[in-house]
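Just so it is clear: chains get the letters A, B, ... in the order the sequence lines come, proteins before strands, and each one is counted from 1. Since the structure is predicted, the reported quantities are computational estimates derived from the model, not experimental observations.
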Amino acid sequence: MAIAKVYGIETEYGVQVVGGADGNPTTASSVLINSYVAQLAGRVGWDFEDESPGRDARGYVREGAMPPEVETHLVNTVLTNGARFYVDHAHPEYSSPECATPLELVIQDRAGEVVLERAMAAARRALPPGEEIVVYKNNSDGKGNSYGCHENYLMDRAVPFARLAREVTAHLVTRQVYTGAGKVGCEAEPGSAPAFEITQRADFFEEEIGLETTLKRPIVNTRDEPHADATKYRRLHVITGDANLSEVATFLKVGVTALVLLLIEDGVLEGRELVLARPVPAMRAVSHDLTLDEPLELVNGETMTALDVQWELYGAARKYSEERGLEEIGPDGAGRQVLDRWESVLAGLEAEPAALRHQLDWVAKRELIDAYCARHGCGLDDHRVAALDLQYHDIRPERSLFRRLKMERLVDDAAVEAAVTSPPTDTRAYFRGECLKRFGPSIVAANWDSIVFDLGGDPLRRVPMMEPLRGSAAHVDTLFDGCDSAAELLRRLGA
Amino acid sequence: MTERELKKRTAPPKEAPEVVEEAPPSTDRGDRLKAEIDDLLDEIDEVLEDNAEEFVRNYVQKGGE
């Protein structure tokens with residue numbers, strides 16, 4: 001049965017050292033994050049107690065120390081907005097706090113960009129003159145190396161995973177028509193003539209389903225790590241998406257996927273046979289088809305274009321909405337907002353994609369590159385086109401090409417600024433963030449589903465947070481009211 | 001049948017706008033668009049990394065996730 005959606009997004013940023021002798025990306029990522037947190041009042045590390053991703057265990061590094069290049073000593077911190085900011089492999093990664101609406105997720109994703117922007121500025125002050133660490137919000141270096149932008153959705157555990165995987169795949173393949181960030185040059189076929197494609201990521205998917213994220217990447221990722229009550233919840237971890245700069249693209253990427261998950265949870269897609277015969281080739285075909293006309297074969301022998309599949313899902317979601325509402329997407333008509341934008345963007349893609357150049361990343365980038373080539377009489381193989389492709393994603397406002405395109409905004413700067421330091425109010429991120437703000441020195445570690453307090457002589461005290469929608473302002477503001485110490489908070493919690 | 005499905009079936013064939021996109025637009029709207037893009041390209045010529053070839057060559061990442 002459909003449950004209220006909780007959203008998160010994790011972005012690995014590309015990182016480049018400019019003007020420095022040592023271009024080690026792990027060191028650079030650590031310097032960035034250390035520089036950012038060094039200017040903050042307190043600092044709390046990440047708690048790995050409940051982590052079980054099948055990955056290496058990681059730990060902490062002392063303030064100001066250069067971490068060695070081993071995963072157990074990488075920088076890892078949790079911010080007062082409830083986000084996690086850390087070094088993942090050789091990239092700085094920002095994981096948003098849990099959000100209760102797609103629009104809140106957009107705000108938090110933008111706040112992550114601001115954090116990275118400030119981390120770059122802080123690192124610049126700490127580094128020798130002429131040295132700089134620059135980050136890019138993209139997913140590929142154009143040379144066959146990819147890094148991810150992963151989404152997370154809270155789901156009903158009772159939905160059989162096999163059915164979920166079967167029914168969500170066609171959406172993940174076809175949503176690329178609005179989630180793509182655009183790219184010149186196919187990395188699946190090195191040496192091929194450079195062509196523009198819709199997404200950064202499609203070239204890197206080789207399997208239909210699996211646990212991997214770094215090689216043989218699957219369209220449906222099977223990581224089972226709910227970070228919540230595992231008897232009730234599943235966290236669907238989606239790894240196919242591009243990191244978007246466009247707010248509209250992020251909003252649709254997350255909002256529409258959540259709508260499709262509601263349909264799956266309530267069994268609406270059962271029997272509709274929106275199942276692709278060959279999802280992996282289809283992933284690339286959609287990304288490379290700028291006409292949006294490529295027929296995709298279904299298991300029932302029929303063919304549909306990516307837009308056909310999206311319209312079919314839209315029709316099902318709209319009917320579902322009329323019959324029983326969309327409150328699981330979020331309060332205050334959040335679901336309706338998604339539905340309306342979804343419709344207008346699909347209609348735009350069908351009529352004249354270029355008209356969406358202020359809404360979608362791939363369209364904006366394509367228009368820009370076409371215009372640039374026309375002015376300079378160059379082709380897609382020109383180095384300046386590759387530079388433009390890359391610099392679109394530069395996070396520095398003075399260098400970002402994206403910032404010059406006057407893209408449509410869905411959230412305002414004041415909300416983004418507030419989200420840099422304050423958590424969303426309607427999920428457990430509120431409790432995490434507020435505890436860090438109020439009692440930071442008494443907190444030794446925090447993670448998605450618990451906070452560990454150190455009150456002095458006693459053993460450490462862990463406060464579990466296994467319900468992602470509990471710990472909101474409505475739940476805990478009275479608890480914080482007049483509470484002046486961590487000890488008092490724990491007494492009130494009865495912990 | 002939903003309203004959307006009706007709209008979809010009455011939408012113009014995709015070939016038409018694709019062709020228009022290939023040719024420079026000549027309408028007033030097209031002129032305004034062109035002026036807007038010209039301004040943008042002027043700006044981009046100023047901020048684009050100086051040595052494009054070196055900039056792109058040096059951007060090498062380790063795979064992540």
I'd like to check [X] versus [Y] (side-chain heavy atoms, cut-off strictly below 4.5 Å). Are they in contact?
{"X": "A:R375", "Y": "B:D45", "result": "yes"}
{"X": "B:L40", "Y": "A:E367", "result": "no"}
{"X": "A:R399", "Y": "B:E49", "result": "yes"}
{"X": "B:V47", "Y": "A:R404", "result": "yes"}

Could you tell me which of [options] has the largest number of non-hydrogen atom pairs under 4.5 Å with chain B?
{"options": "A:D394, A:N145, A:L390", "answer": "A:L390"}
{"options": "A:E212, A:K406, A:R217", "answer": "A:R217"}
{"options": "A:S146, A:G142, A:G144, A:A386", "answer": "A:S146"}
{"options": "A:D382, A:T213, A:L215", "answer": "A:T213"}

Backbone N/O of B:N51 and side chain of A:H383: donor-acceptor pair under 3.5 Å: no
Non-hydrogen atoms of chain B under 4.5 Å away: do they reach the side chain of [X], the backbone, both or neither?
{"X": "A:V18", "result": "neither"}
{"X": "A:E398", "result": "backbone"}
{"X": "A:N221", "result": "neither"}
{"X": "A:L388", "result": "both"}
{"X": "A:S400", "result": "neither"}

A:A371 to B:I37 - nearest heavy-atom pair and separation: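 Result for this residue pair: CB-CG2, 3.3 Å.
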Part of B:D42 lying under 4.5 Å from any heavy atom of chain A: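 Answer is both: backbone and side chain atoms of B:D42 are under 4.5 Å from chain A.
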Residue part contacting chain A, namely of B:E36, when any heavy atom lies under 4.5 Å: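 Contact with chain A is through the side chain of B:E36 alone.
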Enclosure of B:D50 CG (heavy-atom neighbours >12, cutoff 6.0 Å): no
A:K143, A:Q16, A:H89 screened by side-chain contact (heavy atoms from CB on, under 4.5 Å) with B:Q61, the one that passes: A:Q16
Ring geometry between A:Y136 and B:Y59 (parallel below 30°, tilted from 30 to 60°, perpendicular above 60°):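 Geometry flag for A:Y136 against B:Y59: perpendicular rings.
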